[in-house]
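Beneath this line is the structure, given in structure tokens, with notes to follow.
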Amino acid sequence: MTRTPLESLLDQSVRALLTEKGINFGGELPFQRTRKEFQGEVTLVTFPLAKPMGVSPEQAAETLGKALLETNGLIAGYNVVKGFLNIEMSNRYWADQMANMASILDYGKATSKDKPLVMVEYSSPNTNKPLHLGHLRNNFLGWSVAEILAFAGHKTKKVQIINDRGIHICKSMQAWIADGRELSPEDLGMKGDKFVGHFYVEFDKAFKREVADLMAKGISEEKAKEDSPSMVAARDILIKWESEDKDIRALWSKMNSWVYEGFSKTYKRMEVDFDRNYYESETYLIGKEKVLDGLSRGIFYQQEDGSIWVDLETYGMDQKLLLRSDGTAVYMTQDIGTAILRFEDNPSLAYQIYTVGNEQDYHFKVLFIILELLGYSWAKDCYHLSYGMVDLPSGKMKSREGTVVDADDLMEDMVTTAQEKTEELGKLEGMSAEEKSELFELIGLGALKYFLLKVDPKKRMLFDPEESIDLQGNTAPFIQYSHARIKSILKRYEGAKDFDSSKISLEESERQLLVELSYFPVVVDEAATAYSPALVANYIYGLVKGFNQFYQQVPILKDGNGDTVAFRITLIEKVAEVVKNGMGLLGISVPERM
RNA sequence: GGUCGCGUAGCUCAGCUGGAUAGAGCACCUGCCUUCUAAGCAGGCGGUCCUAGGUUCGAAUCCUAGCGCGAUCACCA
């Protein structure tokens with residue numbers, strides 16, 4: 001567990017004192033941040049120490065406090081409340097800490113990438129429809145986790161698996177063919193992904209109509225779905241695709257390229273990127289091969305109809321299909337192939353993170369077991385970063401029912417809202433149109449990302465399209481605004497930034513801000529361990545709140561003492577850097593002015 | 001039904017590797033712009049931390065059971 005410099009320092013001092021008394025305390029010394037209603041910056045909880053010391057918790061605290069004060073010149077005082085020893089550090093200590101932090105460029109960031117390679121998968125779209133709100137949470141989360149790991153010193157690779165083959169894209173193809181006009185996205189003035197999605201919807205309409213017609217003729221629903229001419233045609237396309245029919249493959253490539261063109265515009269606006277794309281069309285054959293291999297090794301079994309299964313009953317699970325009776329691949333097949341390909345591509349890969357919704361918890365549990373059964377030692381290094389769905393007030397998003405919040409539309413709405421609000425405040429005098437639109441983009445996208453990332457990933461969250469996302473309180477715009485505030489002060493200051501630590505006397509809000517700053521590296525570490533951007537988001541919010549209190553109570557530029565001004569400038573400069581880097585880990589930019 | 005996850009203020013969420021009187025934001029009410037940006041600050045209102053047991057000096061946090069909500073258990077992806 002990472003600790004702040006203060007905790008490490010006191011840990012040593014306290015242990016030395018205990019050793020002196022002949023006590024060997026095995027566990028971690030329980031330090032925590034002092035609650036704000038008490039004096040002090042760090043608190044030692046002495047309940048666990050009472051027994052080994054043979055005294056009451058209060059006495060233990062009193063004894064240790066007294067001894068610490070005598071032996072450590074950096075401690076200014078202490079107070080004891082029940083079993084809590086609140087330790088107050090000297091101004092000198094904090095001034096020196098400030099100087100330390102100031103001397104580090106990108107404070108909190110690992111100085112070298114000496115931690116192992118991690119692959120983070122996110123997005124993983126199907127190529128038959130545009131990205132929606134669920135993808136936004138997925139992408140922001142995965143991208144941010146990769147950034148946090150990199151910041152903490154890992155080598156990282158960001159990847160997506162594109163589900164570019166299968167019946168879904170064949171449906172869009174069938175509708176496009178049936179339309180007969182050989183349209184391109186330009187003809188309808190649509191983004192490529194929207195265009196292909198449009199045909200997917202067209203297919204569904206035709207399919208439903210045909211099923212209804214057939215049922216009107218007295219045919220059962222099941223049979224009608226089976227015999228619907230559109231569905232028959234789509235299945236025919238899939239078979240032709242698998243047998244590498246030239247025309248079908250050409251159309252497939254064309255349709256997918258339209259989709260990619262659309263996706264890349266969306267990704268660009270989202271500001272997420274990938275180091276490498278994997279395509280299901282390139283991995284499903286590997287999966288098939290490995291499944292057959294597993295069959296021959298007796299790991300899997302075959303039913304009479306030719307389908308291949310794995311029996312997971314010893315793991316308390318069911319039988320799972322790995323290859324259909326007609327020999328075609330299922331979802332699991334390609335995931336097996338993809339995992340293997342990734343570890344083969346990257347011999348130094350230490351582990352892999354799959355950012356996928358919690359509806360697939362079971363699927364990944366099964367996948368990892370299968371990989372282990374196949375004998376891959378790295379199977380235990382696969383981790384499913386499972387996150388909760390984004391629900392609408394009306395319930396779950398369902399593309400077929402049209403209750404999907406489109407990613408492009410939502411981003412556009414957010415930027416428009418940001419623009420309206422910003423113009424209303426009227427602080428943009430002298431800004432060029434280009435700078436303004438950049439600012440609106442930054443605020444709108446920031447608010448959206450922050451909204452989706454500040455919540456614990458594993459929690460389900462609610463999004464109400466009727467209520468626009470807040471721009472006040474625990475939001476990105478508040479943080480961005482505070483950053484702009486700091487920058488505005490820094491622009492006015494031209495003096496020296498050196499200060500004499502011995503001449504610094506701290507105001508309470510100033511001291512709190514310093515304490516808050518000292519936690520940044522700890523938070524980064526925790527976020528990297530827990531794969532949780534939410535920890536970073538909430539930390540930055542707390543830091544910024546601390547800054548605003550300080551700002552409101554303490555004059556920064558107007559103090560008469562040069563050392564004090566230089567110190568405060570150094571302090572807020574560091575706060576600005578941490579805010580910028582911290583928000584950067586969430587993919588959110590902060591402006592110089594707003 | 002089995003398995004997994006969640007349940008904290010009117011709403012959205014922190015806190016969950018056990019520690020002090022459970023914290024924020026939104027909403028509602030009061031103050032603060034001739035002083036470094038009021039997207040801010042200060043204060044007020046608002047809680048059976050789902051319920052019942054258990055472990056502990058100490059439980060929102062850990063354990064057990066129950067209730068509620070959700071996901072999942074396909075020759076769909």
In sequence, state the C-alpha distance, the side-chain angles, and the governing distance for A:Thr283 and A:Thr338, and then conclude on side chain to side chain donor-acceptor pair (under 3.5 Å). CA-CA 5 Å; A:Thr283 63; A:Thr338 306; 3.0 Å; yes

Under 3.5 Å, is there a donor-acceptor pair between the A:Gln512 and A:Glu516 side chains? no

Mind checking who B:rU21 pairs with, Watson-Crick or G-U wobble, both distances under 3.5 Å? none

Looking at B:rA20, B:rU3, B:rA39, which one has an atom nearest to any side-chain atom of A:Met594? B:rA39

Between A:Gln549 and B:rA42, is there a side-chain N or O to OP1/OP2 distance below 4.0 Å? yes

Please check if the distance between the ring centroids of A:Tyr284 and A:Tyr279 is under 6.0 Å. no

Testing B:rG19, B:rA20, B:rU12 for proximity to the side chain of A:Val45, the answer is B:rG19

Does B:rA60 have a Watson-Crick or wobble partner in any strand here, with both distances under 3.5 angstrom, and which is it? none

Its glycosidic angle compared against 90° from 0, B:rC33 adopts the form syn

Return the set of residues passing salt bridge (charged side-chain N to carboxylate O under 4.0 Å, His left out) with A:Glu507 (not counting sequence neighbours), or none when no residue passes. none

Do A:Phe47 and A:Phe84 have their ring centres less than 6.0 Å from each other? yes

If you compare every side-chain N and O of A:Arg593 against the phosphate oxygens of B:rA39 (OP1, OP2), does one of them come in below 4.0 Å? no

Please answer whether B:rG19 and A:Phe84 are stacked, defined here as ring centres separated by less than 5.5 Å and planes angled under 30°. no

Extract from the structure each pairing of a protein N or O with an N or O of nucleotides 14-16 of chain B at less than 3.5 Å, listing the distance.
from   : atom 1 : to       : atom 2 : distance (Å)
B:rA14 : OP1    : A:Asp456 : N      : 2.6
B:rA14 : OP2    : A:Lys459 : NZ     : 2.7

Donor-acceptor pair under 3.5 Å: do we get one between A:Thr43's side chain and the base of B:rA20? yes

Check the phosphate of B:rA39 against A:Arg485, side-chain N and O only, distance under 4.0 Å to OP1 or OP2. Yes or no? no

Is the count of non-hydrogen atoms from other residues, nucleotides or ligands lying under 6.0 Å from A:Glu222 atom CD greater than 12? no

For B:rU21, does either OP1 or OP2 sit under 4.0 Å from a side-chain N or O belonging to A:Lys82? yes

A:Leu543 CG to B:rG40 C1', in whole Å, measures 15 Å

Could you check how far OH of A:Tyr450 sits from P of B:rA39, rounded to whole Å? 18 Å

Could you check whether A:Thr422 gets within reach of a base, just the sugar-phosphate, or nothing at all, counting any heavy atom under 4.0 Å? base

May I ask which nucleotide in the shown strands pairs with B:rA14, Watson-Crick or G-U wobble, both distances under 3.5 Å? none

Across every strand shown, the nucleotide meeting Watson-Crick or G-U wobble geometry with B:rU34 (both distances under 3.5 Å) is none

Calculate the interatomic distance between A:Tyr387 atom OH and B:rA71 atom P; express it in whole Å. 15 Å

Heteroatom pairs (N/O) under 3.5 angstrom, protein to nucleotides 62-65 of chain B:
none

Quick one: list whatever passes side-chain hydrogen bond (donor to acceptor under 3.5 Å, both in side chains) with A:Ser230, sequence neighbours left out. A:Glu210

Among residues at least two apart in sequence or on other chains, which ones pass ring pair (Phe, Tyr, Trp, His ring centres under 6.0 Å) with A:Tyr531? A:Tyr383

With both distances under 3.5 Å as the test, what is the Watson-Crick or G-U wobble partner of B:rC28? B:rG44

Between CG of A:Leu425 and C1' of B:rC33 the distance, given in whole Å, is 14 Å

Hunt down the Watson-Crick or G-U wobble partner of B:rU72, both distances under 3.5 Å, from any strand shown, or write none. B:rG2

Could you work out, with side-chain hydrogen bond (donor to acceptor under 3.5 Å, both in side chains) as the rule, every residue matching A:Asn163, not counting sequence neighbours? A:Asn126

A:Lys545 side chain near B:rG25 phosphate (N/O to OP1/OP2, under 4.0 Å): yes

Nearest whole angstrom, please: distance from the C1' of B:rC26 to the CZ of A:Phe451. 12 Å

List in numerical order all residues of residues 325-337 of chain A for which some heavy atom is under 4.0 Å away from an atom belonging to RNA chain B. A:Ser325, A:Val330, A:Tyr331

Which nucleotide sits closest to the side chain of A:Asn474: B:rU37, B:rC41, B:rG25? B:rG25

Among the candidates B:rC36, B:rU17, B:rA39, find the nucleotide nearest to the side-chain atoms of A:Ile443. B:rA39

Ring centres under 6.0 Å, that's the criterion: do A:Tyr519 and A:Tyr539 meet it? no

With distance as the sole criterion, is a donor-acceptor pair present between the side chains of A:Asn138 and A:Thr355 under 3.5 Å? no

Going by atom types only, do A:Asn256 and A:Arg165 share a side-chain donor-acceptor pair under 3.5 Å? no

From the options B:rA39, B:rA38, B:rA77, select the nucleotide whose nearest atom is closest to the side chain of A:Phe478. B:rA39

For a quick check of understanding: with a heavy-atom distance under 4.0 Å over all strands, which category does A:Phe47 fall into, base, sugar-phosphate or nothing? base

Polar side-chain contact A:Asp470-B:rA27 base: donor and acceptor under 3.5 Å: no

Take the protein atom CD of A:Gln59 and the nucleotide atom C1' of B:rC57, then report the distance between them rounded to whole Å. 15 Å

Donor-acceptor contacts under 3.5 Å from residues 486-493 of chain A side chains, at least two apart:
from     : atom 1 : to       : atom 2 : distance (Å)
A:Tyr493 : OH     : A:Ala496 : O      : 2.6

Is A:Ser482 side chain donor-acceptor paired with the B:rA39 base, going by distance under 3.5 Å alone? no

A:Phe140: what forms a ring pair (Phe, Tyr, Trp, His ring centres under 6.0 Å) with it, not counting sequence neighbours? none

Which whole-number value in Å describes the distance from A:Arg35 CZ to B:rA20 P? 5 Å

Between A:Tyr541 and B:rC13, is there a contact of a side-chain N or O with OP1 or OP2 at under 4.0 Å? no

Provide the Watson-Crick or G-U wobble partner of B:rU55, both distances under 3.5 Å; none if there is no partner. none

Rounded to the Å, how far apart are A:Met461 CE and B:rC11 P? 17 Å

Applying salt bridge (charged side-chain N to carboxylate O under 4.0 Å, His left out) to A:Lys365 and not counting sequence neighbours gives none

Under 3.5 Å side-chain donor-acceptor pair for A:Tyr301 and A:Gln319: yes

Short of 4.0 Å, heavy atom to strand atom, which residues of residues 561-576 of chain A count as contacting RNA chain B? none

Contacts of A:Lys497 meeting salt bridge (charged side-chain N to carboxylate O under 4.0 Å, His left out) (sequence neighbours excluded), chain-then-number -> A:Glu573

B:rC73, B:rA38, B:rG40: which one has an atom nearest the side-chain heavy atoms of A:Lys427? B:rA38

Respond yes when some side-chain nitrogen or oxygen of A:Ser488 is under 4.0 Å from OP1 or OP2 of B:rC36, and no when none is. no

Hey, is A:Tyr481 stacking on B:rG40? Ring centres under 5.5 Å, planes under 30°. no

